[in-house]
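Written out below as structure tokens is the structure these notes cover.
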Amino acid sequence: MAPALAHAQARPLRFIPNAGLSTIDPIWTTALVAGIHGYMVFDTLYGLDHSGQVHPQMCAGHDVSTDGLTWTFTLRDGLMFHDGERVLAKDCVASVRRWGSRDSFGQPLMAATNEIEALDDRRFRIHLKRPFGQMLYGLGARGCVVMPERIAKTPGTEQVKEAVGSGPFRFLPEIGRAHV
């Protein structure tokens with residue numbers, strides 16, 4: 001006789017943070033709960049492993065000019081936002097700019113930046129005024145989450161109204177409200 005196997009029903013994972021989520025915008029606030037929520041819903045270009053080493057996450061990789069002033073990033077194939085739209089380089093550009101307008105690490109990066117531009121759908125470039133050796137750390141460990149361009153164009157002084165990301169979890173506010 002073969003063993004019986006349990007079949008799990010697909011159902012939402014309900015995350016209950018230690019504090020109320022007063023904003024879904026991890027760029028607008030420094031509240032830890034919003035940052036944790038941001039990492040769950042959104043994704044980052046680079047990430048840190050358990051030993052603090054930076055590795056590509058949304059990026060397939062990058063090239064750096066010999067003078068350290070031009071960084072060209074290439075996105076992995078097949079990245080999608082939860083609304084079914086492809087993640088494009090223009091989304092990354094708008095997201096890095098928004099993050100750089102608020103974050104205490106992003107602001108010095110933006111001050112060192114001449115230009116940030118999408119080259120095509122999968123590549124974007126950051127051209128610096130002076131070398132910025134902690135580029136990858138900033139893009140991976142400092143909450144630089146990628147949002148669709150239409151959302152990331154919200155000024156950093158205003159909260160975004162929706163959480164459409166490409167991270168491991170989708171934010172479904174109607175489920176959260178139903179069980180509060």
Side-chain angles (χ1 to χ4, degrees), residues 13 15 17 21 24-65 68 70-110 112-113 116-128 131-154 156 160 162-172:
L13 170 68
F15 171 73
L21 184 63
I24 57 172
D25 189 344
I27 304 301
W28 185 80
T29 183
T30 59
L32 181 59
V33 68
I36 292 169
H37 173 266
Y39 279 124
M40 292 172 70
V41 173
F42 302 103
D43 205 350
T44 56
L45 298 166
Y46 286 78
L48 297 181
D49 66 18
H50 67 283
S51 64
Q53 297 299 307
V54 179
H55 298 280
Q57 194 155 302
M58 294 179 81
C59 283
H62 62 275
D63 293 309
V64 184
S65 63
T70 303
W71 293 68
T72 304
F73 299 90
T74 303
L75 295 174
R76 287 188 298 120
D77 284 328
L79 296 173
M80 302 290 284
F81 287 113
H82 298 144
D83 62 3
E85 295 293 318
R86 288 178 48 216
V87 175
L88 303 173
K90 68 180 183 175
D91 302 311
C92 301
V93 168
S95 295
V96 170
R97 284 184 180 145
R98 185 167 193 272
W99 165 77
S101 75
R102 298 279 301 185
D103 185 79
S104 62
F105 196 93
Q107 289 171 341
L109 173 58
M110 290 299 105
T113 298
I116 178 170
E117 63 181 335
L119 301 175
D120 53 38
D121 285 351
R122 287 193 53 222
R123 295 178 308 134
F124 68 97
R125 178 173 39 220
I126 298 177
H127 184 72
L128 301 170
F132 195 86
Q134 293 295 313
M135 173 80 73
L136 299 181
Y137 175 82
L139 297 180
R142 293 292 306 189
C144 184
V145 299
V146 176
M147 305 173 172
E149 180 188 44
R150 66 182 167 76
I151 297 172
K153 282 190 169 183
T154 304
V160 298
E162 56 184 317
V164 176
S166 64
F169 299 98
R170 281 183 31 202
F171 179 61
L172 303 173

Could you pull out all donor-acceptor pairs under 3.5 Å where a side-chain atom in residues 131-145 meets a protein atom, sequence neighbours excluded?
| residue | atom | partner | partner atom | Å |
| --- | --- | --- | --- | --- |
| R142 | NH2 | D103 | OD1 | 3.4 |
| R142 | NH2 | S104 | OG | 2.9 |

Show which side-chain atoms of residues 84-96 pair as donor or acceptor with protein atoms under 3.5 Å away, not counting sequence neighbours.
| residue | atom | partner | partner atom | Å |
| --- | --- | --- | --- | --- |
| D91 | OD1 | E149 | N | 2.7 |
| D91 | OD2 | L88 | N | 2.7 |
| S95 | OG | D91 | O | 2.8 |
| S95 | OG | M147 | N | 2.8 |
| S95 | OG | M147 | O | 3.1 |

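Side-chain contact between L45 and F73 is absent, with no heavy-atom pair separated by less than 4.5 Å. The shortest side-chain heavy-atom distance between E162 and V160 does not fall under the 4.5 Å cut-off.
Judged as a ring-ring contact (aromatic ring centres under 6.0 Å, His included), not a single pair has a partner in residues 77-98 (not counting sequence neighbours). Counting only residues at least two apart or in different chains, salt bridge (charged side-chain N to carboxylate O under 4.0 Å, His left out) contacts with residues 37-63 are absent.
The distance from atom CE of M40 to atom CZ of F171, rounded to the nearest 0.5 Å, is 10.5 Å. Here the straight-line distance linking atom CD1 of I126 with atom CE of M110 works out to 5.5 Å at 0.5 Å rounding.
Contacts of T72 classified as side chain to side chain donor-acceptor pair (under 3.5 Å), with partners at least two apart in sequence or in another chain: none. Annotation: side chain to side chain donor-acceptor pair (under 3.5 Å) contacts of S101 (sequence neighbours excluded): none. Legend: residues meeting side-chain contact (heavy atoms from CB on, under 4.5 Å) with D120, ordered by chain and number and at least two apart, are R122, R123. In this structure, the side chain to side chain donor-acceptor pair (under 3.5 Å) partners of Y46, at least two apart in sequence or on a different chain, are H62. Not a single side chain to side chain donor-acceptor pair (under 3.5 Å) links R76 to another residue, sequence neighbours left out. F42 is linked by a ring pair (Phe, Tyr, Trp, His ring centres under 6.0 Å) to nothing, counting only residues two or more places apart in sequence or in another chain.
Judged purely by atom type and a 3.5 angstrom limit, R98 uses its side chain to pair as donor or acceptor with the backbone of T154.
Between L75 and D121 the shortest heavy-atom distance is CD1-O, 4.1 Å. W71 and G68 get closest at one heavy-atom pair: NE1-O, 3.3 Å. For the residue pair M58 and S166, the shortest heavy atom distance occurs at CE-OG, 3.5 Å. Summarising the geometry of G35 relative to P26, their closest heavy-atom pair is CA-CB, 4.3 Å, with the distance given to 0.1 Å.
Taking 4.0 Å as the cut-off between side-chain N and carboxylate O, D25 and R102 do not count as a salt-bridged pair.
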